[in-house]
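First the structure, in the form of structure tokens, and then the observations on it.
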Amino acid sequence: MSRNTTITEVEPFILHVPVTGRVVQDSTHTVTHWGVVGARVRTAGGLEGFGYTGTHAHLPSDRLISACIRDSYAPLLLGEDACDVQRLWSVMYGHPPVQWVGRTGITHLALAAVDTALWDIKAKAAEQPLWKLLGGATKVALPAYNTDGGWLSLDAETVAENCRRLVEEEEYNGVKIKIGSDDPNADLHRVERVREVIGPRRQLAVDCNGRWRLTTMLAAAPRLAELGVLWVEEPIFYDDLPGHIELARRISTPIALGEQLYSLDAFRDFISSGAVHWVQPDITRLGGITEWIRVADLALAYRLPVVPHVGDMGQVHVHLAYAHPAATLLEYIPWIRECFEEPIEVKHGKYRRPEQPGAGSTLRSEALAEYGQEV
Ligand code: 0YR
Ligand code: MG
């Protein structure tokens, strides 16, 4: 049965979801709520698509994104077929007055939300989960690594105990912990403690969130290598391409990045110059699923592994990571899962493969009612 997927309404939403009653910190950000800012797209045949970007729940900034969805993109979409995703992506991205004010940033986060909602409709119209619509799964099981035990706001012993529990009791093969504080020796001590408790075989990644200088990173690098660190993530400022090229030449630990890169073009520059080894595209910062697939294909051509950053907290990336051959591993942070009709789930360190039609982004009405903010 084919449904009429003509777009009749594009409605923005803003959710502020508490981060399990805690304050979470990395070297750069402090988070008490996760912002789920997005678009609900309705069609003539009754199907609804949901898409969203991820923010740190700062209402004035979130409203810039929701305004862009409502005022700049919605008029371009009404009356169009939601299933023409690629063409509509180009219409939105290439709309001259929008492009004039932003090829990155707020307008691109808004595009991410709308693009995801369109893919959600397309998959629902096909009555398939997104991973199946994209050609089917490339792997039987998708391993997860856990980021939620290693925040910089926790002391070294708490982080070590969290990581012990994650690998021993919850069967994760990998964990990621935050570094990048003003005291590199304290950071190295955290890494040492975690390596001690999880043993030599488990995957241990560290994330600097763009905070260190090149010299700090160079000084810490030999110890990180001795500790068998899988990757160092965002070691220095996000846009410093020459700095990353130099680091990649001078340290032996592989570099991961991507959560702050907005475009295929930015990934091209980092990948083609050898400045990144683990590629971390995020649909919520790129222009959605459409641009994410282009980046993952690029990484594949360079034989680099794709390890998505989960600004969506994994709901949609689990589909993409199952479907794309370059994706090897997926981050897990269980902050907003209860907001969705089909929450992500990890068992024995592996992501469950979603079953419901769509992109995994459908919000429960209870979540909209409980966490919704005025757009
Ligand atoms: C919390 N993941 C990250 C979270 C995340 C941040 O502020 O948003 O740590 O962006 O670096 O790898
Ligand atoms: Mg990171």
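Order of appearance sets the numbers: ligands from 1, and atoms from 1 within every ligand.
Salt bridge annotation for Glu169-Arg164: present, with a cationic side-chain nitrogen under 4.0 angstrom from a carboxylate oxygen. Using a 4.0 Å cut-off between charged side-chain N and carboxylate O, Asp84 and Arg87 make a salt bridge. Using a 4.0 Å cut-off between a side-chain N of Lys or Arg and a carboxylate O of Asp or Glu, Glu291 and Arg294 do not qualify as a salt bridge.
To the nearest 0.5 Å, atom SG of residue Cys83 and atom CG of residue Leu118 are 9.0 Å apart. In this structure, CD on Gln203 lies 13.0 Å from OH on Tyr172, to the nearest 0.5 angstrom.
The aromatic ring centres of Tyr262 and Phe267 sit 6.0 Å or more apart.
Side-chain contact between Leu134 and Trp119 is present, with heavy atoms from C-beta onward closer than 4.5 Å.
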Tabulation required: pairs of a nitrogen or oxygen in ligand 1 and a protein nitrogen or oxygen under 3.5 Å; columns are atom names and distance to 0.1 Å; otherwise 'none'.
| unit_1 | atom_1 | unit_2 | atom_2 | d |
| --- | --- | --- | --- | --- |
| ligand 1 | 2 (N) | Glu259 | OE1 | 3.4 |
| ligand 1 | 2 (N) | His309 | NE2 | 3.1 |
| ligand 1 | 7 (O) | Asp26 | OD2 | 3.3 |
| ligand 1 | 8 (O) | His56 | NE2 | 3.3 |
| ligand 1 | 9 (O) | Asp26 | OD2 | 2.6 |
| ligand 1 | 9 (O) | Lys178 | NZ | 2.7 |
| ligand 1 | 10 (O) | Glu259 | OE2 | 2.7 |
| ligand 1 | 10 (O) | His309 | NE2 | 3.2 |
| ligand 1 | 11 (O) | Lys178 | NZ | 2.9 |
| ligand 1 | 11 (O) | Asp207 | OD2 | 2.9 |
| ligand 1 | 11 (O) | Asn209 | ND2 | 2.8 |
| ligand 1 | 11 (O) | Glu259 | OE1 | 2.9 |
| ligand 1 | 11 (O) | Glu259 | OE2 | 3.1 |
| ligand 1 | 12 (O) | Lys176 | NZ | 2.8 |
| ligand 1 | 12 (O) | Asp207 | OD2 | 3.1 |
| ligand 1 | 12 (O) | Glu233 | OE2 | 2.9 |
| ligand 1 | 12 (O) | Glu259 | OE1 | 3.1 |

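Note on the Mg ion (ligand 2): protein N/O/S atoms under 2.8 Å are Asp207 OD2, Glu233 OE2, Glu259 OE1.
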Atom pairs and distances, side-chain donor-acceptor, residues 357-367, under 3.5 Å, sequence neighbours left out:
| unit_1 | atom_1 | unit_2 | atom_2 | d |
| --- | --- | --- | --- | --- |
| Ser361 | OG | Phe50 | O | 2.5 |
| Thr362 | OG1 | Lys124 | NZ | 2.7 |
| Arg364 | NH1 | Glu338 | O | 2.6 |

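Annotation: salt bridge (Lys or Arg N to Asp or Glu O under 4.0 Å) contacts involving residues 243-255, sequence neighbours excluded, comprise Glu246-Arg250.
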